[in-house]
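The block underneath contains the structure these notes are about, expressed in structure tokens.
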Amino acid sequence: MALRIWNTLAGEKQLFESRGDPVGMYVCGMTPKFRPHLGHARLYVVADVIRRTLEYLGYGVKHVQNFTDIDDKIIERARSEGIRPDEASRKYTDAYFEAMARLGVRPAHEYPTVTGSMPSIIAYIQGLIDRGYGYVVDGDVYFEVARFPEYGKLSGRTDEEGLVGARKELEPGKRDPRDFALWKRARPGEPSWPSPWGEGRPGWHIECSTMVRDTLGDQVDLHLGGRDLLFPHHENEIAQSEAFTGCVPFARYWVHIGVLQTERAKMSHSLLNFTTVDEVLDRFEPAVLRLYLLGTHYRAPMVFSEDGLRGADRGLRALRAAYAQEGDVVAQLEGRAADALREFTAYLEDDFNTAGALGILFDTAHELNRAVTGEEAAPRLRGVFRTMIDLLGLPMGEERPAAAVAAAPFVELLVETRTALRDERQWVLADRVRDRLRDLGVVLEDTPNGTVWRLDEGAR
RNA sequence: GGCGACGUAGCCAAGUGGUUAAGGCGGGAGUCUGCAAAACUCCUAUGCGGCGGUUCGAAUCCGCCCGUCGCCUCCA
């Protein structure tokens with residue numbers, strides 16, 4: 001089986017053929033204007049699994065992800081916090097790295113930034129002007145969409161009326177409503193950089209075109225991003241890049257990750273309806289969130305729910321129990337192990353179908369438990385199970401939440417006492433301790449190896 | 001208004017022409033256990049938003065309708 005990917009540009013699933021080694025993978029990074037929310041987590045966890053899958057299949061991958069570290073929202077945010085814009089972007093870039101490390105998202109190879117790419121961006125804009133695609137109006141520079149006939153090939157928006165929308169007026173200075181800013185003239189009190197067109201800063205889309213070229217060349221294999229960036233951001237990126245380099249297509253495979261929504265609307269910073277990664281990780285282990293996010297195919301929209309998280313918590317526990325199984329008798333499960341791994345990777349190779357793959361993972365966990373329970377250990381099955389876990393990047397080591405760490409000495413004292421009671425067959429008292437702890441959100445399990453405990457999910 | 005996506009059991013969610021429609025959560029019965037928990041066994045959609053159509057055959061293809069969401073403005 002070979003890797004097939006749904007390419008937004010083609011509107012169909014295509015066989016993946018790399019241009020060379022390593023595969024160039026560019027992921028549209030975040031604008032660090034606040035702590036990352038669950039929508040970000042979904043995108044970057046999916047990107048991480050895509051990269052793991054490629055590497056498993058034997059591809060070398062060069063993963064580049066940017067930070068758009070200067071824009072209106074960052075300036076706004078910095079003002080409200082009484083700090084400088086660069087301090088704000090630094091702060092939330094750090095928050096991003098912290099959250100992703102907890103989620104087991106492997107770092108990209110490079111993280112270019114707008115402020116760190118200024119000379120390159122200016123040269124790129126000048127290049128577009130020189131080639132006749134850009135025009136200057138009083139310190140602003142615009143991209144002239146009419147000069148790029150291919151415009152709209154990614155989003156399917158070719159109709160000018162549809163592009164403009166009912167509400168949007170033609171801004172003064174623009175020749176065409178579709179034209180977009182490459183460089184924005186500085187406004188008083190805002191950070192700015194010198195340029196041939198005067199003080200200002202880059203428009204929103206140009207940084208990606210520039211940074212892709214600087215880090216990965218004129219063409220990338222994979223370009224990933226949220227579905228909400230499809231238009232206008234990615235459409236504009238294509239226009240800029242192909243106009244500048246003449247290399248078509250700019251990105252061979254466009255992969256768009258569906259948005260995460262709350263009950264009624266998309267989760268976003270501007271709607272203030274988001275849940276941050278931190279908020280979830282205060283109460284659930286990172287592996288729970290990761291498992292939850294991978295339970296829906298990446299292209300489908302996903303509605304965030306607390307119940308879903310609790311379900312994932314239970315599911316994770318089952319996987320972890322299977323993961324921890326020990327055994328030493330060789331079983332006749334060699335064939336089954338190979339089948340399971342083949343089925344699992346077939347799902348991942350078919351447009352990164354993590355939800356389908358999870359089905360096989362759970363099947364395998366059950367088989368493993370069965371094999372061990374039946375005194376038939378399955379070393380090979382255990383091996384493929386661990387391979388699957390790694391491909392999805394699910395941490396199997398338990399990370400005890402802060403509340404559990406704090407409670408540990410006291411809970412352990414009670415467990416000790418209860419064990420003594422059980423040794424004396426004082427069942428009523430022993431059960432009372434267990435029941436009372438249960439009421440407090442502490443679950444006790446008596447196993448052949450002693451009593452283990454954990455905090456109930458959601459009660460963290 | 002324009003463009004697009006989606007609608008599968010109580011909930012979540014795979015499945016894109018052909019055996020009995022994966023898997024998870026929840027629920028029910030049982031094995032094990034001092035009792036529980038975990039694990040294990042079994043059960044939980046004659047049906048895939050609705051109505052038509054194509055086909056020997058459709059959740060899967062086509063049309064219309066209903067509903068939800070996204071983009072068209074900052075957004076991952």
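Letters A, B, ... are given to chains in the order of the sequence lines, protein chains preceding strands, and every chain is numbered from 1.
- Contacts of A/I360 with the nucleic acid, taken as non-hydrogen atoms under 4.0 Å apart, are absent.
- Salt-bridge check for A/D390 with A/R386: failed, with every basic side-chain N at 4.0 Å or more from each acidic carboxylate O.
- The side chain of A/D446 sits closest to B/A36 out of B/A36, B/G4, B/G15.
- OP1 or OP2 of B/C40 has at least one side-chain nitrogen or oxygen of A/N369 nearer than 4.0 Å.
- Distance noted for atom P between B/A9 and B/G63: 24 Å (whole Å).
- Using a 4.0 Å heavy-atom criterion, one finds that A/G311 contacts the sugar-phosphate atoms exclusively.
- Comparing atom distances between the A/Y347 side chain and each of B/A14, B/G34, B/C74 picks out B/A14 as nearest.
- Atom name C1', nucleotides B/A21 and B/U46: the rounded distance is 11 Å, in whole Å.
- Once the 5.5 Å centre distance and the 30° plane angle are applied, the aromatic ring of A/Y44 is found not to be stacked with the base of B/A76.
- Base pairing of B/G63: its partner is B/C51, meeting the Watson-Crick or G-U wobble criterion (both donor-acceptor distances under 3.5 Å).
- Environment of CD in A/Q14: crowded, with over 12 heavy atoms of neighbouring residues, nucleotides or ligands closer than 6.0 Å.
- As a whole-Å value, the separation of A/D435 CG from B/C35 P is 15 Å.
- Atom CG in A/D307 sits roughly 10 Å away from atom C1' in B/G26 (whole-Å rounding).
- The base of B/C35 lies close enough to the side chain of A/R434 for a donor and an acceptor atom to sit less than 3.5 Å apart.
- When distances run from any side-chain atom of A/T296 to the nucleotides B/G34, B/A13, B/C72, the shortest one goes to B/A13.
- When the side-chain nitrogen and oxygen atoms of A/K73 are compared with OP1 and OP2 of B/U73, none of them lie within a distance under 4.0 Å.
- Across all strands shown, B/G1 forms a Watson-Crick or G-U wobble pair, both distances under 3.5 Å, with B/C72.
- Between A/D351 and A/K13, no side-chain nitrogen of the basic residue sits less than 4.0 Å from a carboxylate oxygen of the acidic one, so the salt-bridge criterion is not met.
- Computed from coordinates, the A/H233 NE2 to B/U73 P distance equals 15 Å when rounded to whole Å.
- Under the 4.5 Å side-chain criterion, counting only non-hydrogen atoms from C-beta, A/T345 is in contact with A/L391.
- Counting only heavy atoms from C-beta on, A/K266 has its side chain closest to B/G70 among B/G26, B/C35, B/G70.
- Among the atoms of the strands shown, base atoms are found under 4.0 Å from some heavy atom of A/A355.
- Using a 4.0 Å cut-off between a side-chain N of Lys or Arg and a carboxylate O of Asp or Glu, A/K91 and A/D94 do not qualify as a salt bridge.
- Below the 3.5 angstrom threshold, one finds a donor paired with an acceptor across the side chain of A/D431 and the base of B/G34.
- We find that A/R84 and A/D86 are joined by a salt bridge, their nearest charged nitrogen and carboxylate oxygen being less than 4.0 Å apart.
- For A/L43, counting side-chain heavy atoms from C-beta on, the closest listed nucleotide (B/A76, B/A37, B/C74) is B/A76.
- At a threshold of 4.0 Å, the pair A/D72-A/R187 counts as salt-bridged, since one of the basic side-chain nitrogens sits closer than that to a carboxylate oxygen.
- Between A/F231 and A/Y151, the ring planes are perpendicular. Angles over 60° get that label, and only those under 30° would be called parallel.
- Checking B/A76, B/G23, B/G4 against every side-chain atom of A/M30, the shortest atom distance belongs to B/A76.
- A/G225 comes within contact range of the sugar-phosphate backbone alone, with a heavy-atom separation under 4.0 Å but no base atom that close.
- The distance between atom CD of A/Q261 and atom C1' of B/C71, rounded to the nearest whole Å, is 13 Å.
- Going from atom CE of A/M302 over to atom P of B/C12 covers 11 Å, rounded to whole Å.
- Residue A/F362 contributes atom CZ, which lies 15 Å from atom P of B/A13 at whole-angstrom precision.
- The distance from atom CD of A/E235 to atom C1' of B/G2 is 15 Å, rounded to the nearest whole Å.
- Residue A/R310 places none of its side-chain N or O atoms closer than 4.0 Å to OP1 or OP2 of B/G26.
- Among the atoms of the strands shown, none is found under 4.0 Å from any heavy atom of A/L361.
- The base of B/G34 sits within donor-acceptor range of the side chain of A/R422, with an N or O pair under 3.5 Å.
- Remark: A/R314 is in phosphate contact with B/A38, judged by side-chain N or O atoms under 4.0 Å from OP1 or OP2.
- A/R299 places its CZ atom 11 Å from the P atom of B/A5, with the value rounded to the nearest Å.
- Across all strands shown, nothing is found opposite B/U16 as a Watson-Crick or G-U wobble partner with both distances under 3.5 Å.
- Within 4.0 Å (heavy atoms only), A/A312 reaches no atom of the nucleic acid at all.
- With distances taken from any side-chain atom of A/M267 to the nucleotides B/A39, B/A76, B/A14, the minimum falls on B/A76.
- Both A/G258 and A/G359 lie near RNA chain B, and the one whose nearest nucleotide falls closer to the 5' end is A/G359.
- Within the structure, a side-chain polar atom (N or O) of A/H366 is placed less than 4.0 Å from OP1 or OP2 of B/G24.
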